[in-house]
Structures are given as structure tokens and as C-alpha cells.
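Data block below; observations after.
For ligands, and for the atoms within them, numbers begin at 1 and follow the listed sequence. Just so it is clear, the values below take in all heavy atoms, side chains as well, and ignore hydrogens, waters and symmetry mates.
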Amino acid sequence: MSDLKGKKALVTGAAGGIGAAVVRALRARGAQVAVADRDVSGIEAEAHLPGNLLEAAYADGLPAAAKAALGGLDIVVNNAGVITRGKVDETTDADWDLSVGVNVQAPFRICRAAIPLLPPGSAIVNVASCWGLRPGPGHAVYCMTKAAIASLTQCMGMDHADKGIRINAVAPNEVNTPMLRTGFAKRGFDPDTAVAELGKTVPLGRIAEPEDIADVILFLASDAARYMVGTVVEVNGGKPVK
Ligand code: NAD
């Protein structure tokens, strides 16, 4: 994979499972990283930009804040996300606002603000989900938000490639992160046992670790993916959602 030495990157959801792995991987390859999350204390990075992505002014201002803090901006990873469970008739207004706000509106705001700031040769990587491509049961609004960010990625990829900005997405299936583990715990399952059982349903024999997703995000952010635009790359261990 191409070296990312000297590249300046913004990562949202940097305190979470996939986000933390992306930050570590970017820094290991020589990039300087601005981390965004509600609490970024204790994360090793070149710039810390804590805040709530549901606040429009914070999301709108993140790319400029990262550029100012790092002295440039070449890579944006829209990774922050929330999962709400339930069918539509079980979904509250609060669930809707949270899911759409974090999973769609915040990356829309960040992309809109970043595009004028990004130089030719730069990249945005959004984190969608296999469930955005083929929905699973009982998570209607989450699946819809992930379909929305996948579609927005395809549109933005086409629309901004002429500026030398490549915009792509990854679509993971199950990943061993706090998002998945707390979901098991809430439903009364032991997370370690549930993760091991779920792994048996994956052709590769295990669910993804955050690093498995981070490596694909870094590939898409790097010059090795220089001819990829508007793609949504599934990372699923051979287990596509039916
Ligand atoms: P995670 O819960 O470990 O991390 C998500 C991070 O987003 C958290 O650190 C959280 O604080 C941050 N965040 C949420 N709401 C925020 C807000 N309002 N303001 C600022 N930060 C906020 O989850 P993860 O599994 O690492 O998920 C990362 C991405 O991967 C998400 O977009 C998720 O939808 C996607 N994804 C995860 C899985 C999985 O199985 N874990 C599968 C497919 C897609």
C-alpha cells in the first residue's frame, strides 16, 4: 500500500472500535491525524476535536478545524455511526433523529464542508454497511441510513472526481466492536460467546476485527486506489447479507 507520510487526515468516531483502528493505522503509515468524537481524551493523535456530530455547527466546522490544526487536509474518514434497533412501527422520533443525524446528516455536512478544502489527490472514505446494500430484519432506520450514505457516496464520487477528490465507502458486515458487543449485552447474551457463535456463520470462520476494516479504509484513502471513485466496497469475510 502506498505510503501516507505527510498526509493529513480527519477521522470521526475515532474513539470507537473501527475509528480507533483507522487512527492507529493512519499514524503507523506516517499520516497526521485529527480525531473527532464526543470524548477524544486519551487518543494518541496530532489534533483533538471533541464534539457532538448532532450539532450542525460542529459538523460543518470539522474539516476547517482539522485543516487549521494539521496545516492541511488530504483524507476524511466519516466513520462515526449509531445503530437503532426495531421495525418502523417500533421506531421513535428520537431514534429517527439520532440515526439520520449521525449516520447521514453529519457525513453530508462534513463532506459538503470538506470538498472545497480538499486538494487534488485527496480522498473521502465513508463507512456504510452491508445492511445498506441488502437490509437485515428489525433495523429498518439503521439500514435506511446506511443505504443513504452508500448512495450519497456514489453520487459524490461521480460529482467531485473532476476536482481530483476520490470519494468511496466501505460496507462491513459484522465487526467485533463496542457497537456489536453492547448490542449483544443489551439482549442478554455474553458478548464473547455471541461473537464466537456468529463467527461460525462466516465462511472465513470469524467475524471482522476493526483492523480488517481499517486496512480497506486505508487502501481507499491511499494512492493505491487512485482509479476508484464512488465505489462501495463490501468487507464481509464471504458472508454477504442475503
Ligand atoms: P462504535 O460504537 O465502536 O464507534 C462509533 C463511534 O461513533 C463511537 O466512538 C461514538 O462515540 C461515535 N459517535 C456516535 N454518535 C456520535 C455523535 N453524536 N457525535 C460524535 N461521535 C459520535 O462502532 P463501530 O462498530 O466502530 O462503528 C463504526 C462505523 O462502522 C459505524 O458507522 C457503523 O455503523 C459501521 N458499521 C459497524 C458494523 C459492526 O458490526 N460493528 C458493521 C457495519 C458497519
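In terms of N/O distances under 3.5 Å, ligand 1 is approached by Gly16. Looking at Leu53 next to ligand 1, an N or O pair under 3.5 Å apart turns up. Of the N or O atoms in Val175, one or more lie within a sub-3.5 Å distance of an N or O in ligand 1.
Of all atoms in ligand 1, listed by their number and element, those nearer than 4.0 Å to a heavy atom of Val102 are 15 (N), 18 (N). Within ligand 1, the atoms closer than 4.0 Å to a non-hydrogen atom of Ala15 are 9 (O), numbered from 1 in the order shown. For ligand 1, the atoms lying closer than 4.0 Å to a non-hydrogen atom of Gly81 are 5 (C), 7 (O), 14 (C), 31 (C), 32 (O). For ligand 1, the atoms closer than 4.0 angstrom to any heavy atom of Gly51 are 19 (N), 20 (C). With ligand atoms numbered from 1 in the order given, ligand 1 contributes 17 (C), 18 (N), 19 (N) to contacts under 4.0 Å with heavy atoms of Asn52. Short contacts between ligand 1 and Glu174, defined as distances under 4.0 Å to a heavy atom of the residue, involve ligand atoms 40 (O). With ligand atoms numbered from 1 in the order given, ligand 1 contributes 3 (O) to contacts under 4.0 Å with heavy atoms of Pro178. Those atoms of ligand 1 with a heavy atom of Val82 less than 4.0 angstrom away are 14 (C), 15 (N).
Assignment of Pro210 to the shell around ligand 1 is not supported, since no heavy atom sits closer than 4.0 Å. At least one heavy atom of Asn173 sits less than 4.0 Å from an atom of ligand 1.
By the 4.5 Å heavy-atom criterion applied to side chains, Leu180 and Ile207 are counted as neighbours. You'll find the side chain of Cys111 stays beyond 4.5 Å of the side chain of Val76, heavy atoms only.
The protein non-hydrogen atom at the shortest distance from atom 41 (N) of ligand 1 is Thr177 OG1, 3.1 Å. Of the protein's non-hydrogen atoms, Val127 CG1, 3.2 Å is the one closest to atom 30 (O) of ligand 1. For atom 29 (C) of ligand 1, the closest non-hydrogen atom of the protein is Asn79 O, 3.0 Å. Ranking protein heavy atoms by distance to atom 3 (O) of ligand 1, first place goes to Gly17 N, 2.9 Å. For atom 10 (C) of ligand 1, the closest non-hydrogen atom of the protein is Asp37 OD1, 3.5 Å. Scanning the protein for heavy atoms near atom 43 (C) of ligand 1, the closest one is Pro172 O, 3.4 Å. Atom 26 (O) of ligand 1 has its closest protein heavy atom at Ile18 N, 2.9 Å.
In terms of heavy-atom proximity, Pro191 sits nearest to Phe184 at CA-CB, 4.3 Å. Between Gln32 and Glu46, the shortest heavy-atom contact is CA-OE1, 3.5 Å. Between Arg38 and Pro50, the closest heavy-atom pair is O-CB, 3.8 Å. Of all non-hydrogen atoms in Pro107 and Val102, the two that sit nearest each other are CD-O, 3.2 Å. Taking every heavy atom of both residues into account, Ala171 and Leu133 meet most closely at CB-CD1, 3.9 Å. Considering every non-hydrogen atom in both Ile149 and Asn126, the closest pair reads CG1-CB, 4.0 Å.
Annotation: Lys8, atom NZ; neighbour count of heavy atoms from other residues, nucleotides and ligands within 6.0 Å is above 12. In the displayed structure, Asp93 atom CG is contacted under 6.0 Å by at most 12 heavy atoms of other residues, nucleotides or ligands.
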Practice item. Report the C-alpha distance between Lys200 and Glu197 in whole Å, list the side-chain angles of each, state the deciding distance to 0.1 Å, and finish with yes or no for salt bridge (charged side-chain N to carboxylate O under 4.0 Å, His left out). Key: CA-CA 5 Å; Lys200 294 178 188 164; Glu197 285 301 313; 2.9 Å; yes
Practice item. Please lay out, stage by stage, how Asp95 and Arg85 fare under the test salt bridge (charged side-chain N to carboxylate O under 4.0 Å, His left out). Key: CA-CA 9 Å; Asp95 289 339; Arg85 294 181 171 76; over 6 Å; no
Check your understanding: How far apart are the C-alpha atoms of Val229 and Met158, what are their side-chain angles, what is the distance that settles it, and do they pass the side chain to side chain contact (heavy atoms under 4.5 Å, CB included) test?
Key -> CA-CA 7 Å; Val229 165; Met158 275 191 289; 5.9 Å; no
**Study point:** Ser99 vs Thr145, side chain to side chain donor-acceptor pair (under 3.5 Å): CA-CA, chis, key distance, verdict
**Key:** CA-CA 7 Å; Ser99 300; Thr145 63; 5.7 Å; no
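When non-hydrogen atoms are compared, ligand 1 lies under 4.0 Å from neither the backbone nor the side chain of Asn176. For Tyr142, every heavy-atom contact with ligand 1 shorter than 4.0 Å involves the side chain, none the backbone. Looking at Ala128 against ligand 1, only its backbone comes within 4.0 Å, counting heavy atoms.
Taking only non-hydrogen atoms, the option from Lys146, Glu55, Met179, Arg38 nearest to atom 27 (O) of ligand 1 is Met179.
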